[in-house]
Amino acid sequence: MAAAKTLLEEPPYAKRQKGVKLDTVGFFFLSLWLVCLQIVLDKGNDADWFGSTWICWLTFISCVGGICFLISQIKGKNPLTDLSVMKDRNFFFGTVIQVVLMGVMMASSTILPTMLQSMMGYTSFLSGISMVPRGAGCLVATLFSALFISKIGERKMVFWGLVILGFGGLAFGEINLQISLMNIGFPNFLFGVGMIMAMVPLIELSCRTLRNDQLTNASGVQNLLKNVGAAIGTSLVTTCISRFGQMHQNMMVGKLTELNPAFTERLQSYAMSFVSNTDMASATHMAKNVLYNQLLQQSTLWAYIDTFRLFAIASFLIAPLVLLMKRKNLV
């Protein structure tokens, strides 16, 4: 910190300006929007989202706060942020891609350890170890980007990074309950490679066509939206797992019937294994409980699989947006 303070110096356009007044109205509406939005995202799934009255009210207040914030920034004399940077094509599409990327990155980092601990009995240490390949992928991608970005080009680097990220999501979509840490390692490695290959060049590419005096404001706007995207992504995947699990449970429970030979055979097999310790009626009841618990486990697994595949779809969908960004600086 001492070396940075001594050796680093802000450029003239980034230094603090004198006589600048704080946009208190804009700051109030920004706080109102983000605070209410964060509460909705944190508690929405537990409160059944819009089935809860207070969630509906907080969502309404958040929307009003967001709209008023936009109006105050567009029409205000001393706005908190200069939203005119969104007119720049590179910055707009670059920000959209980064918002989705942050949602995918934070959401995947949240649900993978949870899945390993809740469904496969991993300890916190082992679930943390499972994320090491992602860090290794980030390191490899950083070195690769530094060496070859001038030859490949930023747009191609970002595009292929998103494609690799999508294949990582598809690889996660092939998991089952018999996998080992090695099976988790390869998709995680792809996630790390794809994230860095896409994110690092994209930050520079999105701000390339902006003037120097716009960079500080643009960076603030972009980071704000990226944080919002991460919060939305984390909240959405929690809901997806819950709802997808219910959907798959409803689809599979129809197979647990005596008209299904596979169910009948497995039920009798489990019942015979319990009958040595209890009567036949109790053994059959215990066997049905075992089969139902397996159904819940499999439906939850499929919910995770569907969610990981959504990550792949999101990555593939935003990849073509890179082609809409300009290659070179404006003259």
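All values reported here derive from a predicted model rather than from experimental measurement.
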Interatomic spacing from [atom1] in [X] to [atom2] in [Y] - rounded to 0.5 Å:
X: L139; Y: I196; atom1: CG; atom2: CD1; result: 9.5 Å
X: M157; Y: E204; atom1: CE; atom2: CD; result: 12.0 Å
X: F159; Y: I318; atom1: CZ; atom2: CD1; result: 11.0 Å
X: S235; Y: I232; atom1: OG; atom2: CD1; result: 8.5 Å
X: S72; Y: N78; atom1: OG; atom2: CG; result: 12.0 Å
X: S108; Y: N188; atom1: OG; atom2: CG; result: 7.5 Å

Is there side-chain contact between [X] and [Y], with at least one heavy-atom pair below 4.5 Å?
X: Q268; Y: F263; value: no
X: N217; Y: V221; value: yes
X: P133; Y: F186; value: no
X: T209; Y: R89; value: no
X: P187; Y: L190; value: no
X: P201; Y: R155; value: no
X: M325; Y: F92; value: no
X: T123; Y: L126; value: yes

Shortest non-hydrogen contact between [X] and [Y], atoms and distance:
X: L58; Y: C36; result: O-CB, 3.7 Å
X: V85; Y: F91; result: O-CD2, 3.4 Å
X: M197; Y: I164; result: SD-CD1, 3.8 Å
X: I111; Y: I241; result: CG2-CD1, 3.7 Å
X: I175; Y: I305; result: O-CD1, 3.5 Å
X: S124; Y: Q117; result: OG-OE1, 3.7 Å

> Per the side-chain contact (heavy atoms from CB on, under 4.5 Å) rule, which among Q249, M252, H248 passes with L296?
Replying inline: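 Going through Q249, M252, H248 one by one, the side-chain contact (heavy atoms from CB on, under 4.5 Å) with L296 is satisfied by Q249 alone.
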>> Tell me if the CH2 atom of W49 is crowded by more than 12 foreign heavy atoms within 6.0 Å.
In response: yes
>> Other residues, nucleotides and ligands only: do more than 12 of their heavy atoms fall within 6.0 Å of CE on M280?
In response: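 Yes, CE of M280 has more than 12 neighbouring heavy atoms, counting only those of other groups under 6.0 Å.
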Using atom types as modelled and distance alone, determine if a side-chain donor or acceptor of [X] lies under 3.5 Å from a backbone N or O of [Y].
X: Q298; Y: L295; result: no
X: Q73; Y: L80; result: yes
X: T114; Y: T110; result: yes
X: S62; Y: T59; result: no
X: S219; Y: L215; result: no
X: T238; Y: T234; result: yes
X: S206; Y: G94; result: no

>> Salt bridge or not between D48 and R243? Use side-chain N to carboxylate O under 4.0 Å.
In response: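 Between R243 and D48 there is a salt bridge, with a charged N closer than 4.0 Å to a carboxylate O.
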> What pairs with R309 under salt bridge (Lys or Arg N to Asp or Glu O under 4.0 Å), at least two apart in sequence or on another chain?
Replying inline: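 Listed in chain order: E174.
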In terms of relative ring orientation, are [X] and [Y] parallel, tilted or perpendicular, with 30° and 60° separating the classes?
X: W57; Y: F60; result: perpendicular
X: F316; Y: F167; result: perpendicular
X: F69; Y: W33; result: parallel

Within one Ile-Leu-Val-Met-Phe-Trp-Tyr cluster: [X] and [Y], side-chain cutoff 4.5 Å:
X: I149; Y: L205; answer: no
X: W160; Y: F311; answer: no
X: W54; Y: F50; answer: yes
X: L310; Y: M195; answer: no
X: I71; Y: F27; answer: no

> Run the side chain to side chain donor-acceptor pair (under 3.5 Å) check on Y270 and Q294 step by step: do they pass?
Replying inline: CA-CA 12 Å; Y270 285 153; Q294 291 180 355; 2.9 Å; yes
> Stepwise, does the side chain to side chain donor-acceptor pair (under 3.5 Å) test hold for E258 with T264?
Replying inline: CA-CA 6 Å; E258 295 180 354; T264 304; over 6 Å; no
> Would Q297 and N293 count as a side chain to side chain donor-acceptor pair (under 3.5 Å) if you check the C-alpha gap in whole Å, the side-chain angles of each, and the deciding distance to 0.1 Å?
Replying inline: CA-CA 6 Å; Q297 192 177 45; N293 288 333; over 6 Å; no
> Does the gap between the ring centers of F172 and Y304 come in under 6.0 Å?
Replying inline: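 So the answer is no for these two rings.
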>> Could you walk me through whether R134 and S109 satisfy the side chain to side chain contact (heavy atoms under 4.5 Å, CB included) test, starting with their C-alpha distance in whole Å, then the side-chain angles of each, then the deciding distance to 0.1 Å, before giving a yes or no?
In response: CA-CA 10 Å; R134 182 173 298 195; S109 299; 2.9 Å; yes
> Would M102 and M199 satisfy side chain to side chain contact (heavy atoms under 4.5 Å, CB included), going step by step from the backbone distance to the final call?
Replying inline: CA-CA 9 Å; M102 285 298 295; M199 184 68 76; 4.1 Å; yes
> Can you tell me if N250 and Q246 form a side-chain donor-acceptor pair at under 3.5 Å?
Replying inline: no
> Can you check side chain to side chain donor-acceptor pair (under 3.5 Å) on N183 and S180, steps first, answer last?
Replying inline: CA-CA 5 Å; N183 301 109; S180 65; 3.0 Å; yes
> Should M120 and I179 be marked as a side chain to side chain contact (heavy atoms under 4.5 Å, CB included) after you check the CA-CA gap, both sets of side-chain angles, and the distance that decides it?
Replying inline: CA-CA 9 Å; M120 302 185 65; I179 58 175; 3.5 Å; yes
>> As a quick check of understanding, evaluate side chain to side chain contact (heavy atoms under 4.5 Å, CB included) for Y122 and M115, giving each step before the final call.
In response: CA-CA 9 Å; Y122 279 42; M115 185 199 77; over 6 Å; no
